[in-house]
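Reviewing the structure listed below.
Reckoned from all heavy atoms, side chains included, excluding hydrogens, waters and symmetry mates. Just so it is clear: chains get the letters A, B, ... in the order the sequence lines come, proteins before strands, and each one is counted from 1.
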Number of protein chains: 4
Amino acid sequence: MADLTTTRQRADLASRYRHVRSLTEVLAAPLSPEDQTVQSMPDVSPTKWHRAHTSWFFETFLLQPSLDRYRIFHPAYAYLFNSYYEGVGARYPRPRRGVVSRPGVHEVGQYRSHVDEGMGELIDGALAPATSELIELGLHHEQQHQELLLMDIKHVLSCNPLEPAYATLTFDAPRPARATAWIEHPGGLADIGHRGPGFGFDNEFPRHTVHLAPFAVAERPVTCGEWMAFIADDGYHRPDLWLSDGWTTAQAEGWESPHYWSRVVDDWWVFTLGGPQLVDPAEPVCHVSYYEADAFARWAGGRLPTEAEWETVADDGEPGGNFLDLSVLHPRPADGPTFFGDVWQWTSSAYSPYPGFHPAAGAVGEYNGKFMVNQYVLRGGSCVTPADHFRSSYRNFFPPSARWPFAGLRLARDG
Amino acid sequence: MADLTTTRQRADLASRYRHVRSLTEVLAAPLSPEDQTVQSMPDVSPTKWHRAHTSWFFETFLLQPSLDRYRIFHPAYAYLFNSYYEGVGARYPRPRRGVVSRPGVHEVGQYRSHVDEGMGELIDGALAPATSELIELGLHHEQQHQELLLMDIKHVLSCNPLEPAYATLTFDAPRPARATAWIEHPGGLADIGHRGPGFGFDNEFPRHTVHLAPFAVAERPVTCGEWMAFIADDGYHRPDLWLSDGWTTAQAEGWESPHYWSRVVDDWWVFTLGGPQLVDPAEPVCHVSYYEADAFARWAGGRLPTEAEWETVADDGEPGGNFLDLSVLHPRPADGPTFFGDVWQWTSSAYSPYPGFHPAAGAVGEYNGKFMVNQYVLRGGSCVTPADHFRSSYRNFFPPSARWPFAGLRLARDG
Amino acid sequence: MADLTTTRQRADLASRYRHVRSLTEVLAAPLSPEDQTVQSMPDVSPTKWHRAHTSWFFETFLLQPSLDRYRIFHPAYAYLFNSYYEGVGARYPRPRRGVVSRPGVHEVGQYRSHVDEGMGELIDGALAPATSELIELGLHHEQQHQELLLMDIKHVLSCNPLEPAYATLTFDAPRPARATAWIEHPGGLADIGHRGPGFGFDNEFPRHTVHLAPFAVAERPVTCGEWMAFIADDGYHRPDLWLSDGWTTAQAEGWESPHYWSRVVDDWWVFTLGGPQLVDPAEPVCHVSYYEADAFARWAGGRLPTEAEWETVADDGEPGGNFLDLSVLHPRPADGPTFFGDVWQWTSSAYSPYPGFHPAAGAVGEYNGKFMVNQYVLRGGSCVTPADHFRSSYRNFFPPSARWPFAGLRLARDG
Amino acid sequence: MADLTTTRQRADLASRYRHVRSLTEVLAAPLSPEDQTVQSMPDVSPTKWHRAHTSWFFETFLLQPSLDRYRIFHPAYAYLFNSYYEGVGARYPRPRRGVVSRPGVHEVGQYRSHVDEGMGELIDGALAPATSELIELGLHHEQQHQELLLMDIKHVLSCNPLEPAYATLTFDAPRPARATAWIEHPGGLADIGHRGPGFGFDNEFPRHTVHLAPFAVAERPVTCGEWMAFIADDGYHRPDLWLSDGWTTAQAEGWESPHYWSRVVDDWWVFTLGGPQLVDPAEPVCHVSYYEADAFARWAGGRLPTEAEWETVADDGEPGGNFLDLSVLHPRPADGPTFFGDVWQWTSSAYSPYPGFHPAAGAVGEYNGKFMVNQYVLRGGSCVTPADHFRSSYRNFFPPSARWPFAGLRLARDG
């Protein structure tokens, strides 16, 4: 195997590997063994599962095929910690992850160390380009799980009547939200998708041309203050504002506000990773489903942007807000335009392949393509997305009923 | 109210009204009161419900607002026969339609006559353009229900171990399918959507420009013979071919072939509106879900076309196959290219608004827009679609798991 | 085969056969083909299914084994109309009975005639005692289904917003209920179970001795007036009155009154086979579950009687109320003591085998024994029970959540 | 308040209190924080919940009402750790107990110490008889939860593909089972129920007279060897052997053997608290539902005993097997007659009140009476029942589908 990496490239990769891997442990550190074990709903995974699964990815796709002297840590882990890769064998049922008490957090830590040791050796050796690309994929995979870990533990803690905080956060005094300005776009041909080189998931390729009608988008996401006005105007009880499936879901689930909001006498409170807080009208609304975002947009006389509209405008702008930072962990008010960070923004685009899309070869080809149905694209990154994991062509996706992502919305309208 | 219609226009409308309304009764005629009462699954409606609901549409949106002397046939029918229009009041739960034995088929016939009489008077009088447009919408609405009536009764009869036929149909001897030819398209800008004038649903507007990458589409739908090869190659048991949701659904439902197919020793049989028949390899495959269509396309090394690709090519071609004809009622083999008729064809396009889409005003605005989530577009019409209801810009839509529509697929590939 | 029957016995049997069979048709006569097709919940069977199934019983257990020249009416009916006899082959799933439109009511009528003709021949010939006993069982089986037919069609019609009546019934003006008197019993040894000879189901045997503690039972069933007092005293909202399973069920189902009751402004109405009526405080409460009956008894400071207590007292008394009579069809007020008729009375006895119980031999042995779990015994017969089908040792049984039987309760207390 | 206790009585109570409370901690000791957090199905509670709930019982029913200076440990615990007592307020939903990670095992330990301290003070002071009776109830309540804790953790660990052992257990070599002998009883009048004085739950009272027909019971429970013969004779696939509800459940759940059994090639293995073991034909079969026990008994030509039959015979005998002992924890073979220990034995008696039953006063009256529906009585105690918690009049109860109790059966037959 030709070694195409330089010493500097190996050192950079090793450094980035250590950086990403250690952040996962930093995120898990405030959590007790009990916290790390719980699965509060089928979509949520236990913290210790995230820690083990991201290690399994390196073990399965890198160490086993590429490091001759690698010794499997435990033969049953392939079954326990495979998430959804049909190509590499059977897997433990997802909704039952919270039932598996062992391996415990300590043993998972040992598993991580064992994998890290192997990966150190692998990176130290001759690396084919495909191998280092796969390592890069593994690191971005782990960064995705860092966001999931925080989304998931927030849900777990929110189910506890004691309302425990994940971290000590500080918040500014609430203040009123100001009206948004709009960015007009004349439409016409535009190119979207990953520009290269740099890392991108297969679903961001190929870059391609789309035709847009004239449109406008708001220069910042919708705020909690605007959402309170929607609630006050009976937005959750007017079927004319909702998609049919959205209305059915909202009625069945009894939605009356964003997830994590609760009314105490006349105030709205929100459960955050720092515990319960008064809702700040100026901060971007978060933890709303696609259905709610769509209903809000209709109420506001607008609509959600398509992902092509979003990317076309966001690519021209620069300003970004908060990405993953342990002292933030909650969407924060912004004074000017913001495109990136704080909250993912639902688009009206169903998650579909770009023209000419081809999934990556092998089992890692199951990463994205097989989920391209019944989901909607979100853009922009959030306050729990690692900053160096994000790029403007990033396509996140969730089912339209999902509320546990850090997701809000940005308004658009026809031009 | 200005009367903008001529005598000739009124006569044409009256004639078309009588033609459409009487076809519904012709379609129901072979069915006993018992047949017309049954709802075999929540998606299916009883025949007598279709007959009543289409009359309710005229009563609610035309006769009550526009015919002064109109007398409501029965005050409870507004509740019983509203399908999903939130804007006009409460409605009886859809999954319980098969529980309502009264009004019976005879009384529903009287309801239809009563409405027809009123509509005769209305059409005879001064008609504002908006009114005659609404009548036209009501007739297309009824034609949609003619297709649903046949889809639904086919499902009802198929649940009966006696395997009763709806009609006596004749079939040619099975013959092998030939390979398809492909139509290449260079891509670039194209316009899709309703060209006007003529009738179209709101979801076909506005006509607009899209940008296409080079592509090709097959000149005819996939055949049963090709589908048998997919089955023989274990297509229903290879997760790598399937979308994740599709695989989960296929496993949960135990799918092993298209709906209505059954294996008897070494032969495949299919339940048709003419009763059980040997599967003809040359006829278009039908009653497959989006999930199956997508998996088949991946297996075949292709993909489904987008609706823009489909419309761009189909608009250039001319040939069509079978539309609703009481002696056909089943997709039939074709020797040359076919774009229209026989089977609806799944596209890879999620059902979304066209740029600049606005729903129609008032309660009829609930017709299309509120379903624009979690569904996929089908194109082309089928052997149970009335021919004069169809146009090439027609956008049919169903959830990706639906199998009771007369739906097949056409292959596409990147150019 | 020895013929042990006399001409008179054959004539009596033929007469009883005709009487029972024709009553079924009389009960179905007011119902349209649409009415006879509907299954409003899994526990309910369509009228035409009852008509066919009771015929299938004679065909399967009498005509096929015992009438040489008998020709099966239709080979698929054994599958369609078997209720639960595992011993005679597969059967169509019970919750899907309402999906089968064919055979229709007319063809079911022909099936009945065909079976009647065969049974006529059979009864006319030499009859072994086992055969005439089996005919008697078949007739009692059909009488059970006469009650079920009325229970079921009442449920079907009640689901229709038009609130149609099965029959024209007359009701006296409502009047207040008077307090009940009590019948004291000193306890000690008592014998219960069928005394013989006469017909009895296997579950009524053997007659056996029980030991009773001193107790008392009310001389008449609980009335609607008393039930209104329970409602007014918040009986449906006090968990301390309820069994744990009962409370869970009542909350999940939203029970606030007996089934078929509805409040209109300040009045309670009840849906009857004669359509909606004002509730008469003097009539026995009906369509309450075991859970409700048990909670009511606790609220009233008493308890439900055991079936041994019930039978011991009822056997000594004589008075009976209304059994199946087409002009009654609803529980009616009584002035004095009543033990039998009007409403079945829940007992606190789980449905269990009597000591020494043996099920009947062969497939008819599936009649009773295999249901002896998770059900409670009801005693006394109701206004939809044929009078000549009833005897004081009769053990009816339903799950504790069932509300569609004509079931009320009688109070008991420790002596 | 009159102090009716002597120093010796207080010392005895204090000693028993310490003994029972410390055993709970001994049982939890081998379990990690992760193990103690998991709830593997709605019927199962996490270990740390059992530890906290049993403390809540003392805090709620003893310390709060009776110890003036008692300080509540945490105000939210009343909500988190109430199991089902409607009389003392709302409670956290049972099926979500596994979602609550905090308080963790350490904090639960502090809660226990806090309660123990308070209870020490309470016992040291003047104790009204009602108070010391309530303490005794609290201790028996905790002993019940000791059994539940072991039942539950066995289920939790069994869901883990790693098949971890709770403890290191030793097993003798498997040996064949011998045929059972039978104990004949002539029937007649017998007294059952708690004889007094000593502790008993309210459901064991009052002692009362029953009348029995002649019968016989086996002198030991059914063995695994006998159960293998039932399996080999297709017992799980013959509907004629099963109650209707049992058959439906067995089919739906795919039962093919007792819970925790699995077939590896030709051998049956059983998951025990000591990990997987070969099934020993001589040991009592365990973890079968009432449905399976009933089907087995029918297959064996017998039936289950009533609880009156069971108690009448067991009271005369003496021999007992294994109760809770950390070196046993699994039913063990017996050479001679056994009535008590090793496995609970399903009886054919639905769980009902004895004649004259009155629940205890106050919230502790919810202990037993409100579960007297849809459950069957088990008798005899098991290898996870504390020996000093058991007495021959003890009535355990579970729904007929429950398989996670240590439950087997004893055969009976008519005399």
Side-chain angles (χ1 to χ4, degrees), chain B residues 28 30-49 51-52 73-82 89-93 95-109 111 152-166 275, chain C residues 28 30-49 51-52 73-82 89-93 95-109 111 152-166 275:
Chain B
L31 299 168
S32 69
E34 295 90 334
D35 293 335
Q36 294 196 34
T37 301
V38 170
Q39 176 175 40
S40 51
M41 64 168 174
D43 287 331
V44 158
S45 297
T47 304
K48 71 184 177 73
W49 186 92
R51 292 170 59 213
F73 185 74
H74 193 295
Y77 285 14
Y79 177 69
L80 277 174
F81 299 124
N82 179 0
R91 60 190 191 275
Y92 191 79
R96 303 284 289 161
R97 287 177 189 162
V99 164
V100 178
S101 61
R102 305 183 193 183
V105 301
H106 180 68
E107 205 168 354
V108 167
Y111 180 35
D152 288 358
I153 199 67
K154 182 172 181 177
H155 192 269
V156 166
L157 296 175
S158 79
C159 294
N160 192 324
L162 305 177
E163 301 186 295
Y166 165 79
Chain C
L31 299 168
S32 69
E34 295 90 333
D35 293 336
Q36 294 197 35
T37 302
V38 170
Q39 176 175 38
S40 51
M41 65 167 174
D43 286 332
V44 158
S45 297
T47 305
K48 70 185 178 73
W49 187 90
R51 295 171 59 214
F73 185 74
H74 192 296
Y77 285 14
Y79 177 70
L80 277 175
F81 299 123
N82 178 1
R91 61 190 190 278
Y92 190 79
R96 303 284 289 162
R97 286 176 189 163
V99 164
V100 177
S101 60
R102 306 183 192 183
V105 300
H106 180 68
E107 204 167 357
V108 167
Y111 180 37
D152 288 358
I153 201 67
K154 182 173 181 176
H155 192 270
V156 167
L157 296 176
S158 79
C159 295
N160 192 325
L162 305 178
E163 302 185 294
Y166 165 79

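- In this structure, C:Val100 and B:Leu162 have side chains that are not in contact, with every pair of non-hydrogen atoms separated by 4.5 Å or more.
- Top candidate by heavy-atom pairs under 4.5 Å with chain B, chosen from C:Leu31, C:Val99, C:Thr37, is C:Val99.
- For a residue to count as touching a neighbouring chain, one of its non-hydrogen atoms must lie under 4.5 Å from one of that chain's; by this rule B:Pro46 does not touch chain C.
- Here the closest non-hydrogen pair linking B:Lys48 and C:Glu34 is CE-CG, 4.1 Å.
- B:Leu80 contributes atom CG, which lies 6.0 Å from atom CG of C:Asn160 (distance to the nearest 0.5 angstrom).
- Shown here for C:Cys159 and B:Tyr92, the closest heavy-atom pair between the two residues is O-OH, 3.1 Å.
- Contacts between B:Gln39 and chain C at a heavy-atom distance below 4.5 Å involve the backbone alone (N, CA, C, O).
- Proximity to chain C is absent for every atom of B:Val44, based on heavy atoms less than 4.5 angstrom apart.
- Contact tally against chain B (heavy-atom pairs below 4.5 Å) for C:Val105, C:Leu157, C:Val156: the top residue is C:Val105.
- Residues C:Pro30 and B:Arg102 approach most closely at O-NH2, 4.3 Å, considering heavy atoms.
- Contacts between B:Ser101 and chain C at a heavy-atom distance below 4.5 Å involve backbone atoms as well as side-chain atoms.
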